[in-house]
Structure formats: C-alpha cells, structure tokens
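Below is one structure, written out as structure tokens; comments come after it.
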Amino acid sequence: MALQNDYQDVLDVAKNVGAKIETREENGKLVIKGSVDHAFDRDRMWDQIKAKHPKWNDEIMVMLTVTHAEPYGLHTVKSGDTLSKLAKDIYGDMKLYTKIFEANKDQLKDPDHIKVGQVLKLPPKTLANRA
C-alpha cells in the first residue's frame, strides 16, 4: 500500500479522466492495469507520473488500453471553467486556450462563452503545443 499512497496523485488523475483501473503492488512495483477512453487521458496520467515521480521507472508499471481511436479527450464544463483555466490545468500554459477553441469551433462561436454542461474536445498535448 505504500506505493499506492506515494502515487495517489496519479490515481487521482486516473479518476478525473474516468480511467477504469485496478491497482496492486507486485515485486516492489505499483501495477496499474485497465482502460481509458482516449490516448489523451492515458498521456495525462503519464505526464503526472513523469512530472512528480523521478524514480517512476523503478516503481510503477502502467498497462492501459485505449478504447477510442480519436485523438481528443473530453471535458464537461463545470461552473468556473474558462478555456484559459482548462489550458493552464491541462497543458500548463493558459495561452493554449486557442487550441481548445479551435477544436470546438463546431459548438463555440466565442472563446469567452462556454456553458456549464458543454462537452469540449481537448486536443492532446502534442497537438496543442504546435504553433
């Protein structure tokens, strides 16, 4: 259980992206096995692992199946959300809100007008960071 406690932040990301996972400690490693809807969701978990856990290579094994082929993750807008806030939380740079806007032009006419309950597509980090 010690590794599960150490990697609670990763398990929290898994919960936030809707991952369906099982965890166990085996041979001194935390094993996370399951599925996520989008590659973007899997990548958010890996970003958290690599950003916060320098010994991750020795401590964790992640085996996740991606169930949907499209590259986008999804986010349901909550009260207080803005595209800038989402870009900061997800990509670490609030200026990348334009990438979220571009991915959602089919339902957004203005980046300053999003509605609670809207489901927004989130481009993966690799697409969002392209100029």
Side-chain angles (χ1 to χ4, degrees):
M1 291 298 274
L3 284 173
Q4 248 179 315
N5 292 336
D6 291 346
Y7 284 85
Q8 187 59 51
D9 60 316
V10 175
L11 300 177
D12 290 343
V13 171
K15 181 179 178 184
N16 289 339
V17 300
K20 297 164 192 73
I21 60 170
E22 296 176 9
T23 61
R24 68 181 186 280
E25 291 189 28
E26 182 179 294
N27 299 324
K29 285 193 176 200
L30 176 63
V31 178
I32 300 175
K33 185 175 181 179
S35 65
V36 293
D37 287 338
H38 304 276
F40 177 75
D41 302 324
R42 177 202 58 214
D43 295 346
R44 285 181 66 190
M45 289 176 64
W46 273 111
D47 288 345
Q48 183 70 24
I49 291 167
K50 291 177 180 177
K52 303 286 183 174
H53 303 279
K55 297 190 317 184
W56 69 268
N57 205 28
D58 297 325
E59 297 178 335
I60 193 166
M61 180 185 310
V62 180
M63 297 174 285
L64 294 172
T65 303
V66 175
T67 57
H68 300 312
E70 66 271 6
Y72 296 100
L74 301 174
H75 175 79
T76 302
V77 176
K78 298 184 263 322
S79 179
D81 280 347
T82 65
L83 295 186
S84 295
K85 181 180 179 300
L86 290 174
K88 174 74 173 154
D89 292 348
I90 294 166
Y91 309 121
D93 183 350
M94 66 187 301
K95 292 181 281 186
L96 293 176
Y97 78 90
T98 58
K99 300 300 182 176
I100 300 172
F101 178 66
E102 291 295 322
N104 290 281
K105 277 196 163 180
D106 59 328
Q107 62 177 323
L108 298 177
K109 303 299 176 228
D110 182 329
D112 295 325
H113 292 95
I114 61 175
K115 298 176 187 157
V116 172
Q118 270 183 312
V119 178
L120 301 177
K121 295 181 291 261
L122 301 173
K125 199 174 214 176
T126 54
L127 291 178
N129 286 326
R130 289 184 188 159

Exercise. In chain order, what residues pass the side-chain contact (heavy atoms from CB on, under 4.5 Å) check against Q8, with sequence neighbours excluded?
Worked result: L11, D12
For this session: Only counting residues at least two apart or in another chain, list the ones meeting salt bridge (Lys or Arg N to Asp or Glu O under 4.0 Å) with K55.
Result: E59
Exercise. Can you pull the side chain to side chain donor-acceptor pair (under 3.5 Å) pairs that have at least one residue in residues 25-35, sequence neighbours excluded?
Worked result: R24-E26
Problem set entry | Shortest non-hydrogen separation from N104 to I100 and the atoms involved | ND2-O, 2.7 Å
Seminar exercise, completed: Output for pair (L122 CG, K99 NZ), nearest 0.5 Å, gives 14.5 Å
Exercise. Who passes side-chain contact (heavy atoms from CB on, under 4.5 Å) against K105, sequence neighbours left out?
Worked result: F101, E102
Problem set entry | Pairs touching residues 112-122 that satisfy salt bridge (Lys or Arg N to Asp or Glu O under 4.0 Å), sequence neighbours left out | D106-K121
For this session: Heavy atoms only: give me the nearest H113-L108 pair and the separation to one decimal.
Result: O-CD2, 3.7 Å
Problem set entry | Those residues that, when tested against V116, pass side-chain contact (heavy atoms from CB on, under 4.5 Å) (two or more places apart) | S79
Distance-only donor-acceptor pairs under 3.5 Å for side chains of residues 80-88, two or more places apart:
unit_1 : atom_1 : unit_2 : atom_2 : d
D81    : OD2    : H75    : NE2    : 2.7
D81    : OD2    : K78    : N      : 2.8
T82    : OG1    : K85    : N      : 2.9
K85    : NZ     : D89    : OD2    : 3.1

Exercise. According to a 4.5 Å side-chain heavy-atom criterion applied to Ile, Leu, Val, Met, Phe, Trp and Tyr, with indirect links allowed, do L74 and I114 form part of one hydrophobic cluster?
Worked result: no
Seminar exercise, completed: Rounded to the nearest 0.5 angstrom, the CD1-CD1 distance for I32 and I21 is 5.0 Å
Exercise. Quick one: side chain to side chain donor-acceptor pair (under 3.5 Å) partners of D43, sequence neighbours excluded?
Worked result: none
Exercise. For the atom pair CZ (R44) and CD1 (I90), what is the distance rounded to the nearest 0.5 Å?
Worked result: 4.5 Å
Exercise. Can you list every ring-ring contact (aromatic ring centres under 6.0 Å, His included) pair that touches residues 42-67, not counting sequence neighbours?
Worked result: Y7-H53, W46-W56
For this session: Hey, could you give me the CD1/NZ distance between I60 and K50, rounded to the nearest 0.5 Å?
Result: 11.5 Å
Exercise. Taking only residues two or more places apart in sequence, or in another chain, which ones meet Q118 in a side chain to side chain donor-acceptor pair (under 3.5 Å)?
Worked result: none
For this session: Establish whether L120 and F40 are linked, either directly or via other cluster members, by ILVMFWY side-chain heavy-atom contacts under 4.5 Å.
Result: yes
Exercise. For the residue pair I49 and V10, what are the closest heavy atoms and their distance?
Worked result: CG1-CG2, 3.5 Å
For this session: Return yes if some donor-acceptor pair links the side-chain N/O of T23 with the main-chain N/O of V31 below 3.5 Å, else return no.
Result: no
For this session: For V36 and L64, work out which heavy atoms get closest and say how close.
Result: CG1-CD1, 4.2 Å
Problem set entry | L3 reachable from M45 in the ILVMFWY side-chain graph, under 4.5 Å edges | yes
